[in-house]
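Down below is the structure, laid out as structure tokens.
Each chain gets a letter, A, B and so on, in the order its sequence line appears, and its residues count up from 1. We use all heavy atoms of the structure for the numbers below, so side chains are in, but hydrogens, waters and symmetry mates are not. No experiment lies behind these values; they were computed from the predicted model shown.
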2 protein chains.
Amino acid sequence: MTDIFFRYTNRFVKFTEQDKDLLVSALTLTQVPAKTELVSYNQQTDALYFLLTGCIRKYFVKDGEQITTYIMTENGFIGAFDSIVMGIPSEEIIECLEPCTLLVLKKADLDRLYQQVPLMNEFIRKVLEGVLIQFKQTLSLFILDNPEERYIKLLSQNPEILQRVPQHMLATYLGITATSLSRIRKRILEKA
Amino acid sequence: MTDIFFRYTNRFVKFTEQDKDLLVSALTLTQVPAKTELVSYNQQTDALYFLLTGCIRKYFVKDGEQITTYIMTENGFIGAFDSIVMGIPSEEIIECLEPCTLLVLKKADLDRLYQQVPLMNEFIRKVLEGVLIQFKQTLSLFILDNPEERYIKLLSQNPEILQRVPQHMLATYLGITATSLSRIRKRILEKA
DNA sequence: ACAAAACGTTTACAAAAGACAAGAAAGATC
DNA sequence: GATCTTTCTTGTCTTTTGTAAACGTTTTGT
């Protein structure tokens, strides 16, 4: 099961077998049902997750409404980074939208790995580089494109999540209301 | 002049004097006039910059219009990260809005430092963690808040750049037009 | 100091998005 | 399979934003 994880790490650094053993001993495999909250409101987390299968979102509650800020579906790390790094409670909730298979990495174990495995800093650095580029692209999308263009790009780049995530969550993720997304979809259909 | 830089690094890791010597030998101090383009359109860059004094923005050109996506004013790294990391030409232009004092770090030198200075990976990892958290906050701002709220937050969190950056650049940075920002400012003035 | 360019605001109109409410459709639960 | 909940769509109205153009002011360059 950690095969998938090491296929991922391999894109960044080549861990030795010994490194991998240390990593495996720090990772815990978990399966959780849909609607599980990995991080709850105001919770201070001490764990990072690697999503093997399933679908997860992050959301805020603003004026009683849930505003989705992130959706992910495949191999990748997820966690309340600000809470972990800065040691503060998380304002964001991390919720599984489907049954999920996860690897859990506690912050204490990660910190230990930074000491034991020299490649670990390089690995996480490269992961962060990738995440950063992705975030930058998403942010540019908001600055450059209007909601309709954003929806069309999401449609072309990630048609899969449109099937797996309720539309009202996608709407807030695009920075608009569910009503507005429904109308945008109608507009697009009428054009085509 | 590198004092300021090491005051910054010190927030993340404690480089030895030997480390610092290696770093200093890799860094080049430059002063450039306003309007200098550190990275031009479609240019493949091989350098990272640390801004000591001055003000810099990143922008895209879309439909003939300049859309500002990032503004920074003080100690921090800036560069076309995607271009450097992925080795592709940059679609974003990086421009100095004021005369700037910069430290230049070539990618080749950075890669060498990763070999020579073990702390370097940790340092950049921690820098990236910080940058990532900042990006996440900015992105949340776009998803959670409307343009007026975004302007008010910018006003409260970074009143300084309102003085240093033309309004039409701030407008696109907030994801709106200059006309709209002018209206928002008027609305706020009338309320108060 | 002068001319040119850049900047900020305003206006009128069109397009889009939000708020609110009512229904239809789809899914979950038992 | 009937019920209940969630999700999606639609309608009406209001607010906000975009577009385009005009105008005065400020800044810049020489």
Go through the steps to decide whether A:I161 and A:L154 satisfy the test side chain to side chain contact (heavy atoms under 4.5 Å, CB included), and finish with yes or no.
CA-CA 9 Å; A:I161 69 167; A:L154 185 66; 4.0 Å; yes
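Residue B:P147 places its side chain closer to D:dT17 than to any other of C:dG18, D:dT10, D:dT17. Distance from the side chain of B:P166 is smallest for C:dG8 among the nucleotides C:dT11, C:dG18, C:dG8.
Residue B:I67 contributes atom CD1, which lies 10 Å from atom P of D:dG18 at whole-angstrom precision. If you measure from atom CG of A:L170 to atom P of D:dT6, you get 18 Å, rounded to the nearest angstrom. In this structure, A:Y151 places its OH atom 14 Å from P of C:dA17, rounding to the nearest Å. Between the CG atom of B:D145 and the P atom of C:dA17 there is a distance of 18 Å, rounded to whole Å. Distance NZ (B:K186) to C1' (C:dT10): 7 Å, rounded to an integer number of Å. The distance from atom CG of B:L144 to atom P of C:dG18 is 13 Å, rounded to the nearest whole Å. Whole-Å rounding puts the A:I176 CD1 to D:dT17 P distance at 16 Å. Summarising the geometry, the separation between CZ on B:R164 and C1' on C:dC7 is reported as 19 Å, rounded to the nearest angstrom.
Within the nucleic acid shown, A:R185 comes within 4.0 Å of sugar-phosphate atoms alone, with no base atom in reach, counting heavy atoms only. At a threshold of 4.0 angstrom between heavy atoms, the contacts of B:S182 include nucleobase atoms, whether or not backbone atoms are also involved.
Judged by a 6.0 Å distance limit and a 45° cone about the ring axis, A:R187 is not positioned over the six-membered ring of A:Y151.
Within the 3.5 Å criterion, the main-chain N or O of A:N146 finds a donor-acceptor partner in the side chain of A:E149.
Classification of the A:Y70-A:F135 ring pair by plane angle, with boundaries at 30° and 60°, yields parallel.
Nearest-nucleotide positions on DNA chain C place B:M169 closer to the 5' end than the other of B:R183 and B:M169. If B:L181 and B:K35 are placed on DNA chain D by their nearest nucleotide, the residue sitting closer to the 5' end is B:L181.
For D:dG18, neither phosphate oxygen OP1 nor OP2 lies less than 4.0 angstrom from any side-chain nitrogen or oxygen of B:T179. Of the side-chain N and O atoms in B:Q167, one or more sit less than 4.0 angstrom from OP1 or OP2 of C:dT9. For B:T177, no side-chain nitrogen or oxygen approaches OP1 or OP2 of D:dT17 to under 4.0 Å. Contact check, B:H168 against C:dA6: no side-chain N or O comes under 4.0 Å of OP1 or OP2. Here B:R187 reaches the OP1 or OP2 of D:dT17: one of its side-chain N or O atoms lies under 4.0 Å away.
Atom CZ of residue B:R57 and atom SG of residue B:C96 lie 11.0 Å apart, to the nearest 0.5 angstrom.
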